[in-house]
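Reading through the structure tokens given below for one structure.
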Amino acid sequence: MEKGFSPVGLRVLVVDDDPTWLKILEKMLKKCSYEVTTCGLAREALRLLRERKDGFDIVISDVNMPDMDGFKLLEHVGLELDLPVIMMSVDGETSRVMKGVQHGACDYLLKPIRMKELKIIWQHVLRKKLQEVRDIEGCCYDGGADWFTQGQFLGGGEDVSFGKKRKDFDFEKKLFQDESDQSSSSKKARVVWSYELHQKFVNAVNQIGCDHKAGPKKILDLMNIPWLTRENVASHLQKYRLYLSRLEKGKEIKCYSGGVKNMDSPPKDAEINSGHQSPGKSSSYAFLKATETDPKQLASASVSDPTSDVHMPPKAKKTRIGFDPPISSGVFDSLLPWNDVPDPLESKPPILYENSFLQQQPLPSQSSYVANSAPSLMQEEMKPSYVNPDEFLMPQNKNSTVILQDMDLSAPFSSNATSNTESIPGSLNWELPEAHHSGSLDTDLDFTWLHGEHFFANSGLQNFQFQDYSSSTSLLSELPPHLWYGNDRLPDPDEYTLMVDQGLFIS
Amino acid sequence: MQRQVALIKQSLFDQGYLDEQFMELEELQDDVNPNFVEEVATLYFKDSARLINSIDQALERGSFDFNRLDNYMHQFKGSSSSIGASKVKTECTMFREYCRVGNAEGCLMTFQQVKKEHATLRKKLEHYFQLARQAGPKETARRSK
């Protein structure tokens with residue numbers, strides 16, 4: 001064990017709507033000498049976590065909770081706060097466990113939970129710290145394609161292998177010794193990726209665009225934030241890629257729609273059936289990204305309320321996520337009032353933001369935007385303005401809507417972003433079984449929404465409806481910026497691959 | 001008296017009413033929480049009664065929203081696993097299976113079983129805790145095996 005690391009006093013946050021389990025877990029964790037905080041509601045838990053940014057070391061959460069899907073909470077915590085999260089459930093079905101893993105859970109426990117399982121949860125905290133250390137070291141090298149693969153850090157001639165080298169030990173040693181010292185330079189300060197910050201990040205990534213070598217340094221330079229370090233960018237980049245790859249992988253698994261409070265449920269909602277969550281239950285969000293070919297076809301009606309539960313039918317057709325160049329700024333403007341739910345899109349292409357909503361487009365010409373949980377990661381901190389990455393926006397009024405569907409895609413992470421059927425690493429691109437290829441999009445980023453309908457994000461889409469499932473989160477923030485762009489068919493595949501920042505993922 | 005308590009507990013295990021989870025709870029009981037097991041059981045019965053009610057109402061409506069029913073039962077099962085209510089859990093699993101295939105009759109039938117097992121366990125545990133309290137607090141913390 002690393003010097004200086006001790007499981008005693010580990011600060012654990014337990015979230016479970018079952019009062020009996022909460023009581024039992026609290027007692028068990030206390031017996032493990034941990035410092036326990038319990039919470040019966042997911043939202044409450046998020047609030048606590050955000051309030052005490054560095055107040056917890058690990059979160060344990062049940063999968064099924066009434067106010068928010070455990071997976072959603074998981075994503076929020078992972079992306080926003082970068083804390084290890086352990087999921088719990090009485091259900092050990094493979095698909096559920098897989099979903100947990102895909103959403104970034106560092107472990108999945110089955111109820112009834114034994115003390116011995118809780119006794120070793122500290123390993124996840126330690127592991128994460130070690131990874132951070134490696135991030136810091138690794139990000140010094142601005143690799144390209146290899147960056148993502150941790151084991152292959154490109155070094156500028158230096159030995160950056162993953163193995164424990166003397167400098168690694170020194171680094172880690174320092175890290176742990178200084179753990180309690182917030183000002184220690186060796187300890188990676190936890191940067192809070194606020195909405196705006198993430199926006200800048202995504203902007204930078206998109207600017208680099210076709211350059212498949214979007215490495216931390218370039219991104220950092222573009223972001224132009226004096227206090228931000230390359231390490232910060234590097235680790236955020238990694239998470240981002242993971243998130244995107246997760247989305248991509250989920251394509252084969254039925255997508256689930258996040259339970260969202262229903263705003264006025266668009267007709268489409270009915271079409272989507274996640275099948276695995278009860279309709280009334282808030283569940284994971286679905287991100288649908290659809291490329292739209294016809295600008296005029298923004299569907300306003302198709303905007304699903306962020307609150308509605310949009311379920312993607314397991315048999316959802318193949319959808320390719322197409323990233324078109326950022327949608328026109330017009331679109332984003334509408335996103336601005338983040339915390340409020342924008343007027344329902346009546347006639348504009350709705351872009352729904354919601355951490356879990358899936359916009360189903362009933363009308364072929366409608367585009368809907370579904371924000372998915374992933375974006376939710378970018379949570380609360382994001383301000384409304386986050387959404388308006390002007391630089392991203394496509395100059396024209398494109399209507400393509402990017403709907404990112406967060407499906408439990410299990411597609412392997414492929415680094416080739418060009419084929420339609422391949423998942424692009426880091427790109428939100430996945431294919432649902434019956435993908436319908438939208439015309440202009442050549443690359444796989446083409447996303448065809450259910451049954452080949454397209455969601456179009458209309459640049460004119462002013463209304464973003466999003467549901468703030470958590471008390472004050474802007475939905476928009478939840479959606480990775482690049483996902484918001486209305487995609488227009490890009491004439492040049494390369495261009496849009498970048499959206500998803502293909503470059504990030506590089507291959 | 002204490003022996004009697006131990007025997008009662010043993011029979012609950014032997015007859016399959018309780019499983020190892022109950023023993024885990026007993027191990028958690030200590031000076032800080034000398035009545036931990038009973039407290040947990042009380043909490044469970046209170047919370048599960050609420051769930052049973054919800055399911056009852058849902059079934060009475062006759063609309064058979066299997067998804068929703070399954071959800072309730074999922075929660076109920078999870079809760080029942082907390083104290084090791086073995087027979088109750090078995091019935092829960094059956095109920096969920098009926099939900100899965102959309103068998104309304106099966107659901108109704110199994111739910112009666114769920115309620116029956118739940119009530120039986122409650123009575124037995126109440127009796128057990130009462131005796132245990134009379135016998136002396138320390139005894140309950142000791143494993144019967």
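Residue numbers begin at 1 in each chain, while the letters A, B, ... track the order of the sequences.
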Approximate separation, where rounding is to 0.5 Å, of Lys111(A) NZ and Gln21(B) CD:
10.5 Å
Distance-minimising heavy-atom pair for Thr20(A) and Asp47(B):
OG1-CB, 4.5 Å
Taking the basic N atoms (NZ, or NE/NH1/NH2) and the acidic carboxylate oxygens, is any pair closer than 4.0 Å for Asp30(B) and Lys31(A)?
yes
Search all heavy atoms of Ile24(A) against all heavy atoms of Phe36(B) and return the closest pair with its distance.
CA-CZ, 4.0 Å
Thr42(B), Leu43(B), Asp19(B), Asp70(B): which one forms the most heavy-atom pairs within less than 4.5 Å of chain A?
Leu43(B)
Under 3.5 Å, is there a donor-acceptor pair linking the side chains of Asp91(A) and His74(B)?
no
Pairwise side-chain contact, Asp17(A) with Gln75(B), heavy-atom cut-off 4.5 Å (strictly under)
yes
Pairwise side-chain contact, Glu20(B) with Arg114(A), heavy-atom cut-off 4.5 Å (strictly under):
yes
Quick check on Ile113(A) against chain B: is it the side chain, the backbone, both or neither that has a heavy atom closer than 4.5 Å?
backbone
Is Asn33(B) in contact with chain A via its backbone, its side chain, both, or neither, using a 4.5 Å heavy-atom distance?
both
Determine whether the side chains of Ser79(B) and Asp18(A) contain a donor N or O and an acceptor N or O closer than 3.5 Å.
yes
If one checks every heavy atom of Lys89(B) against chain A at 4.5 Å, the contacting part turns out to be side chain
So what's closer than 4.5 Å to chain A heavy atoms on Leu51(B): side chain, backbone, both or neither?
neither
Return the minimal non-hydrogen interatomic distance between Pro112(A) and Ser81(B), and the atom names on each side.
CB-O, 3.7 Å
So do Leu28(B) and Met115(A) actually touch side chain to side chain, heavy atoms under 4.5 Å?
yes
Please test Val32(B) against Lys27(A) for side chain to side chain contact (heavy atoms under 4.5 Å, CB included), starting from the C-alpha separation and ending with a verdict.
CA-CA 10 Å; Val32(B) 178; Lys27(A) 183 72 184 168; 4.0 Å; yes
